[in-house]
Amino acid sequence: MQNHEIVEWDAVTLSRRIHKRDVSCVEVLDAFTKQIDRLNPVVNAIVNRQPQELLQAAARDLDQKLAKGEDKGPMHGFPQAPKDIMPAMGLVTSKGSPIFRGLISTSDSAAYARTRHGGSIFVGRTNSPEFGLGGHTVNSVYGATLNPFDLSKSAGGSSGGAGVSVALRMLPVADGTDMMGSLRTPAAFNNIFGMRTSVGCVPHGPSEDVFFQQFSVSGPMARNVPDLALLLSVQAGYDARLPLTRKQDDPTRFSTSLERDFNDVKIAWLGDLDGRLPMDPGLTDICKSALSHFHTIGCDVQEATLDFDLHQAWQAWIDLRSFTIAGNSAGLYRDSATRAQLKTDAVWEIERGLKLSAERIFNASVTRSSFYRTLLSLFDRYDYLVLPSTQVFPFPVQEPWPRSINGIAMDTYHRWMEIVLIATLGGLPALSAPAGFNPAGLPAGLQIIGPPQADFEVLQLGHAYDQASQFSKTRSPLLDRATADSPPQSLIQRIKKSQGGVP
């Protein structure tokens, strides 16, 4: 079996071939290791790689288990690299911060425990910005992750390392988290799928607070929707330690057929919210053109308006976000030694959060509740909402974040991602799906948003759309270049220099 052939299989095929014992877990590990060796030095997506002899021993053990009829599940023998934000036992969890450089975790997060128990082999971590803050994967511990469609551009974030790893076949599927588009932005930037699950679908944590934390969720990234569902079938389900997870949900549902008749299903096209959100030139047109594929599968697509004051929603969001971040990180801020190592954006969020009054936080939650009711009124008329995943195409990797969009200045480091807040504030499931490319070859993505707790139904629509559009079939040019031609050393050196020598 050729290594190239193995890494090109989709995850569903890979799982089937492993279980039929057409290919061994050792062969799968070897194939993906060689792919990582070939391409990761170019893009810097997988960090903190683990000793190969330990990984091979784990793969041999999984082969022996399968030979004895011990099946760990659909991800038996899958190489995985958990996002470097939540703890993974025995691996460094730096969170992209020099404060935690080299800190080895002694336990797994709930989602990582499930993938590990399900037979995954943790080969390293995927890169993320410091504390997952911002939509650009760069930090002072590991450096920047580069976009596989244009190495001078951002891979998105915060699950940028995961997105690139999937796009370049260095992992069959990957996990991520999403608070403000952290699964959706890198999915759009890397021409893959990223699913922001609804609150409670996948256990996220546990952490010190298990009640207030309602914004950041864990979810899957993949090259196609059946692969996404495969990972979600392992991640999802109730966890008594996390009271927002749902006991009545059956994660095996994600293993069932995604086929469905979409005739006369109503879709609301929200676009740029009636011009209230600035967009890169050409981005809205690409996404609007992609709507034809919803027509192809029988959907009725109509232009719709979100009747809510976006300024009011934004203010509520940044209050609730700063409150959450300050609560998680105030101790690091108050300690002068660790405060000096925090990036500027983290300090801004913490200081802002510490100044908020209880009344202001409560009023922000009231505004969020009103926003949610507005979304429910849309779902009285439509089955799904669709809008672009991002307001920009992948931007230069040397830029910390887009300072302006189409001439409109961005007043915070995350204002350029405002378009993702519909799903986040509503706690709704949202799938970022490929939508096409601009003339420069940079990808765009569409968000498919479903009503509350309709994660499976969102996957069904995303799958039908993908079959019609075929946008996800467009590959990174790096995949088809010889190794010697791949590393653009002059570019990598320029990036290192711009980051002050960060590797």
Side-chain angles (χ1 to χ4, degrees), residues 39-45 96 126-130 132-165 167-168 180-182 184-192 277-284 286 343-345 388-420 432 434-445 476-478 486-503:
L39 293 174
N40 197 57
V42 183
V43 293
N44 190 38
T126 49
N127 203 21
S128 171
E130 182 178 317
L133 298 179
H136 178 28
T137 298
V138 59
N139 60 64
S140 61
V141 179
Y142 298 115
T145 298
L146 310 185
N147 191 297
F149 288 90
D150 183 338
L151 293 167
S152 71
K153 298 295 193 291
S154 168
S158 61
S159 308
V164 173
S165 296
L168 291 181
M180 192 179 179
S182 288
R184 291 166 284 167
T185 300
F189 279 16
N190 291 284
N191 199 50
I192 61 168
L277 295 180
M279 307 286 288
D280 266 358
L283 183 55
T284 306
I286 288 174
K343 71 175 183 178
T344 303
D345 298 333
S389 296
T390 66
Q391 294 168 240
V392 298
F393 291 107
F395 54 89
V397 70
Q398 291 94 340
E399 294 182 7
W401 43 274
R403 303 289 179 174
S404 65
I405 302 176
N406 204 12
I408 305 298
M410 300 291 101
D411 57 356
T412 72
Y413 77 98
H414 46 21
R415 189 65 178 254
W416 61 277
M417 297 184 285
E418 190 172 359
I419 201 163
V420 303
S432 179
F437 294 79
N438 71 1
L442 297 176
S476 160
L478 289 179
S486 294
Q489 292 300 324
S490 60
L491 172 64
I492 293 172
Q493 291 304 317
R494 288 202 307 274
I495 293 168
K496 285 182 180 180
K497 185 176 181 180
S498 73
Q499 295 164 0
V502 171

Please check if the side chain of [X] supplies one atom and the backbone of [Y] the other of a donor-acceptor pair under 3.5 Å.
X: Asn139; Y: Ser128; result: yes
X: Lys343; Y: Leu133; result: yes
X: Asn190; Y: Ile192; result: no
X: Asp280; Y: Phe393; result: yes
X: Asn44; Y: Tyr142; result: yes

Provide the full list of salt bridge (Lys or Arg N to Asp or Glu O under 4.0 Å) pairs with a residue in residues 402-412, sequence neighbours left out, each pair given once.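 Every salt bridge (Lys or Arg N to Asp or Glu O under 4.0 Å) pair that includes a residue of residues 402-412, provided the two are not neighbours, is Asp411-Arg415.
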
Checking [X] now: which residues fulfil side-chain hydrogen bond (donor to acceptor under 3.5 Å, both in side chains) with it, not counting sequence neighbours?
X: Ser165; answer: none
X: Thr145; answer: Asn127
X: Ser182; answer: Ser158
X: Thr412; answer: His414

Are the side chains of Leu151 and Val42 in contact, using a 4.5 Å heavy-atom criterion?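 Contact flag for Val42/Leu151 side chains = yes.
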
Taking all heavy atoms of [X] and all of [Y], pick out the closest pair and write down the distance.
X: Pro402; Y: Val392; answer: CG-CG2, 4.3 Å
X: Met180; Y: Met417; answer: O-SD, 3.7 Å
X: Gln391; Y: Pro278; answer: NE2-O, 2.9 Å
X: Pro434; Y: Asn191; answer: CB-OD1, 3.1 Å
X: Ala188; Y: Thr390; answer: CB-CG2, 3.9 Å
X: Gly441; Y: Phe149; answer: O-CB, 4.1 Å

Measure the [atom1]-[atom2] distance between [X] and [Y] for me, rounded to the nearest 0.5 Å.
X: Glu130; Y: Asp345; atom1: CD; atom2: CG; answer: 9.0 Å
X: Ile405; Y: Met410; atom1: CD1; atom2: CE; answer: 4.0 Å
X: Leu277; Y: Asn406; atom1: CG; atom2: CG; answer: 12.5 Å
X: Leu442; Y: Asp150; atom1: CG; atom2: CG; answer: 5.5 Å

Using the side chain to side chain contact (heavy atoms under 4.5 Å, CB included) rule, pick out the option among Pro186, Ser476, Pro148 that qualifies with Val164.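 For Val164, the side chain to side chain contact (heavy atoms under 4.5 Å, CB included) test succeeds with only one of Pro186, Ser476, Pro148, which is Pro148.
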
Using the side-chain contact (heavy atoms from CB on, under 4.5 Å) criterion, which residues pair with Ser154? Sequence neighbours excluded.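 Ser154 satisfies side-chain contact (heavy atoms from CB on, under 4.5 Å) with His136, Phe189, Phe395 once adjacent residues are dropped.
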
